[in-house]
Amino acid sequence: MEKYLNQFEDCRQKEEPACVNACPFHLDVRDFQDKVGRNKYDRAYKRYRDAVVFPEIVSRLCQAPCQEACPRKGYDGPVQLKLLERTCVAKAKKKEPARYNLPKKQQKIAVIGAGLSGLACALRLASKKYEVVVFERERILGGQLKDFMSEKEYLAAIQLQMSKEEYQLITGMEITTLDQLVGQSFQAVYIATGKNGRNFGATENSGYEYDERRGFALWRGGALKGKDVVTAIVDGTNAAAAIELYLKTGKGDITEEQRVARMVPNLDKIKEHGPVSPTDHGVFSDEEAAEEAGRCVKCQCDVCWSHCDLVSYYNKWPSKMREEVVETVMESGSMLRKSPAVYLANTCTQCGLFEHDCPANIDMKGMMLETRRILHKQQQMPPAFHGFWLDDMEHANGASSAVCRNAPGSEWSKYAFFPGCNMGASQPEYVEKAYGWLNENFDNMGLLIRCCGIHAQWAGDEQLRKRLLRDFQGDWERLGRPVLIAACPSCLRFLKEALSEIECVSLYEFICQQGKLPEGIVKNNIKGDILAVFDPCAARENHGMRDAVRKLLRLSAVEAMELEQEGSYGCCGFGGDVAVASPDFADYVAQKRVAMSQAPYLTYCINCRDVFVDKNKAAVHMLDILFDIESRRETPDFSERRKNRELLKKKLLSAYWNEEMPTEENKYGFILTVSEDARKKMRRLRLVEDDIKEVIARARRLNRRVYDEASGTYTCYAKLNYITCWVSYTMEQNAYHLTNVYIHRMDIKLEDVWNGKKAKTDL
């Protein structure tokens, strides 16, 4: 887990946008523009002053490097931040700085030079209640400002900002030697004597030096170091911070940050909108200010927010998710242990889109999967989250459904068709037609039908995953180690990662490689509609599979177009088995994918097709085209899916291997019918008919049921592995009719006495 947690050190969520990075003051441009855009000029002014020290001066003289860095510059012109700053300064009403009631400090600092750099340093230190003395050789302060502004303007601006602080200003006094400062208790000196001014032998460019003979430390900055009138202010504020650090710790180096802009802006947010022209002598009206500020796309590294369903649904930044994961997986002896990431981790669809687009390559999928493993190991994983999927996987791998057969009439297989477990459950004809064609056209074509084991991985059960992989490898070896021809993108990706020794190829690549085409491909049974190709998330990195699908589409003459919108290659909502842990999230994801296009979808993942059909989205599978199959307009429920698997095995064994499976007896000894409403609820709750029969059978055996004379219904319940299931039914002789069903995840402690009789409590 540590490697997943450490990767967030490179997360760029909090990286400064290019404009802030370019600003010498590192003004929070997004917040400033937001306030100006809402005409909150007083608040914007305070934010601006906190950064630039002298707002009236900087708004006039700044060269606006932020505008050069604006991503709009290459489109329709940068956001005119300088005009917004001038507008803010012109329209703010409350400009007086606050007076802070702090205790006076004993240390004394000298500032040589009352230009902008020296005054900025003096103001910052005076606001911290240090004793500050400013020496200026001229009779008036301001330094090089006289070359840019009128004396009246800049003196008023300086006086406004320094009006609440106590400091001593000595004008008309030139410091020609630092000996003049000896004996006045100065502990620090900032030298800001301007361009070509005296530096008093100071040699350090960015650090400080301690003058042992005179007993104080020296810093220098501003125009003396070649800074312009604006960046000289930055030098002064940096020097003030360094001096305070020195007075507290004895260390006072100035760090002049050379920041590298690493934040990646989302240029898709830029909608064409040229700069707004102010109508009032370079100052925006309220409406104009709002319009110009609205051009800012508020650059932030939010690729994950716009591409990752987990981030957008939970409205949480990845760094917050990391914190919740840490809190969840950490060992704790407390009974009140918090586990905020249990739902979060089990909501991740494992689509991999986060790390695909993240500029820092953060592996969110891996972190969430590792969280599931830890939860399972700590016995903190709610059994109901994955119980249904594991039961269904057991059925797919069981004797009634799984198939492992060499090519008919052969003791080994060069190839083996592997459709996965859900294709035969959803649309058995896909498996029948595909295998029939493969067997007819290629020698030594075996068949392997079972679950690859991915549900155990998604459940975090590492031991079960390893056992299933061993079983899978054993089947593969019994077939003679053939090349697996996989129809399911998820199975293909999982097997390539987990069992790299098995050679796997997608069905679609295999068809293209062999040069033989199924007859359905030329019939073009999809009439009229232009299909939008929906690539499953598991095929994102499988360029061979994606290219093969498109080649087959071209050969079929089916009209198709690409989905190039944001969210392409996202999950349909099936991945990760999230639908039980978070059904609302699964629906959210599915609806996002459905909304990407009005066109019917063409996909080559049976799970994607089923999800879309369930959402009333027209969707067809690639096998519909290849084998001239009329795709079902609705998907089977979970009971039907299991029956489909069993019936498919019987058909295939009989057709190709002359094997007849014995007819399974009704082990419950009664007939069950289900009302339409109850069947809908069973589908939503992921229950199958055998679950209902088991509850009724236990109630019959133990005689634990309640009869309602008014409705003529019986109600009973039983614990089914990971849930407690309640059913209501009517009965007539040996036939039961289910009228209602519901489940919960609580255990019920049964009493020993039922209706006055001692009773078993093994429900």
Side-chain angles (χ1 to χ4, degrees), residues 20 22-29 31-32 35-36 41-66 81-82 84-86 88-90 92 94-100 102 109 111-130 132-134 136 141-146 148-149 153-167 169 188 190-192 194 219-225 227-245 254-257:
V20 176
C23 173
F25 301 99
H26 294 287
L27 170 68
D28 187 342
V29 174
D31 183 67
F32 173 77
K35 289 178 169 60
V36 173
Y41 301 115
D42 290 342
R43 296 180 185 178
Y45 182 88
K46 184 178 184 303
R47 167 71 74 181
Y48 187 52
R49 176 180 58 208
D50 289 346
V52 306
V53 187
F54 300 110
E56 286 74 12
I57 296 172
V58 174
S59 65
R60 287 275 300 277
L61 304 183
C62 183
Q63 298 300 310
C66 53
L81 185 60
K82 188 170 182 177
L84 291 172
E85 292 170 358
R86 287 185 179 179
C88 170
V89 169
K94 299 178 181 179
K95 295 185 177 181
E96 283 199 6
R99 183 190 295 275
Y100 296 102
L102 299 175
I109 301 102
V111 176
I112 304 175
L116 281 181
S117 189
L119 291 173
C121 180
L123 177 56
R124 288 290 169 88
L125 290 170
S127 68
K128 299 294 182 67
K129 307 309 176 186
Y130 291 100
V132 180
V133 180
V134 181
E136 171 57 47
L141 47 75
Q144 58 181 324
L145 273 176
K146 59 181 176 291
F148 303 96
M149 297 175 66
E153 286 179 314
Y154 74 71
L155 286 179
I158 293 171
Q159 174 59 30
L160 173 63
Q161 302 307 327
M162 304 193 74
S163 61
K164 302 297 183 182
E165 305 302 340
E166 295 181 8
Y167 68 102
L169 174 62
Y190 179 50
I191 303 169
W219 287 260
R220 69 181 188 132
L224 181 63
K225 290 170 54 181
K227 300 299 179 69
D228 61 36
V229 66
V230 171
T231 55
I233 299 175
V234 178
D235 265 16
T237 58
N238 287 343
I243 289 171
E244 184 173 28
L245 179 65
I254 297 176
T255 302
E256 295 189 4
E257 297 183 78

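Quick note: residue numbers are just sequence positions, from 1. FYI, side chains are in, hydrogens and waters are out, and symmetry mates aren't considered; it's all heavy atoms of this structure.
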Seminar exercise, completed: In terms of heavy-atom contacts, T237 and A120 come closest through CG2-CB, 4.2 Å
Exercise. At what distance, to the nearest 0.5 angstrom, does OH of Y167 lie from CG of L119?
Worked result: 6.5 Å
For this session: Specify the closest pair of heavy atoms between L125 and I109, including all atoms of both residues, with the distance to one decimal.
Result: CD1-CG2, 3.9 Å
Exercise. Tell me, do S127 and Y100 make a side-chain contact under 4.5 Å, heavy atoms counted?
Worked result: no
Seminar exercise, completed: Between L169 and the options V134, V133, V132, the side-chain contact (heavy atoms from CB on, under 4.5 Å) test singles out V134
Exercise. Is a donor on one side and an acceptor on the other found under 3.5 Å between the side chain of K164 and the backbone of E96?
Worked result: no
Exercise. For the atom pair NZ (K128) and CG (L123), what is the distance rounded to the nearest 0.5 Å?
Worked result: 11.0 Å
Exercise. Does K146 reach the main-chain N or O of G143 with its side chain, forming a donor-acceptor pair under 3.5 Å?
Worked result: yes
Exercise. Using 4.0 Å as the upper bound for N to carboxylate O, is an ion pair formed by R99 and E165?
Worked result: no
Problem set entry | Atom pair CD/CD1 of E136 and I112 - distance to nearest 0.5 Å | 11.0 Å
Problem set entry | Nearest heavy-atom neighbours spanning P24 and T231 | CB-CG2, 4.0 Å
For this session: Kindly give the heavy-atom pair with the smallest separation between S163 and L160, and that separation in Å.
Result: OG-O, 2.9 Å
For this session: Take Q144 and D228, measure what side-chain contact (heavy atoms from CB on, under 4.5 Å) needs, and give me the verdict at the end.
Result: CA-CA 9 Å; Q144 58 181 324; D228 61 36; over 6 Å; no
Problem set entry | Pair I57-V229, side-chain contact (heavy atoms from CB on, under 4.5 Å): steps then yes or no | CA-CA 10 Å; I57 296 172; V229 66; 5.5 Å; no
Exercise. Quick one: CZ on R86 to CD on E56, what's the gap to the nearest 0.5 Å?
Worked result: 13.0 Å
Problem set entry | CA sep, side-chain torsions, deciding dist, call: V52, I233, side-chain contact (heavy atoms from CB on, under 4.5 Å) | CA-CA 8 Å; V52 306; I233 299 175; over 6 Å; no
For this session: Take Y48 and E85 through the test side-chain contact (heavy atoms from CB on, under 4.5 Å) and record every step on the way to the result.
Result: CA-CA 8 Å; Y48 187 52; E85 292 170 358; 3.0 Å; yes
Problem set entry | Minimum heavy-atom distance K94-Y45, with the two atoms named | O-CD2, 4.2 Å
Problem set entry | Taking every non-hydrogen atom, the tightest pair across Y154 and G142 | CE1-CA, 3.9 Å
Exercise. Does any N or O in the side chain of D235 come within less than 3.5 Å of the main-chain N or O of S117, such that one atom is a donor and the other an acceptor?
Worked result: no
Exercise. Are the side chain of K95 and the backbone N or O of V89 linked by a donor-acceptor pair below 3.5 Å?
Worked result: yes
Exercise. Are there more than 12 heavy atoms of other residues, nucleotides or ligands under 6.0 Å from atom CD of E153?
Worked result: yes
Problem set entry | N/O donor-acceptor pair under 3.5 Å between R49 side chain and Q161 backbone | no
Problem set entry | Note: D50-K46 ion pair, threshold 4.0 Å (strictly below) | yes
Problem set entry | Separation of I243 CD1 from Y190 OH (nearest 0.5 Å) | 8.0 Å
Exercise. Roughly how far, to the nearest 0.5 Å, is CG of L84 from OG of S59?
Worked result: 12.0 Å
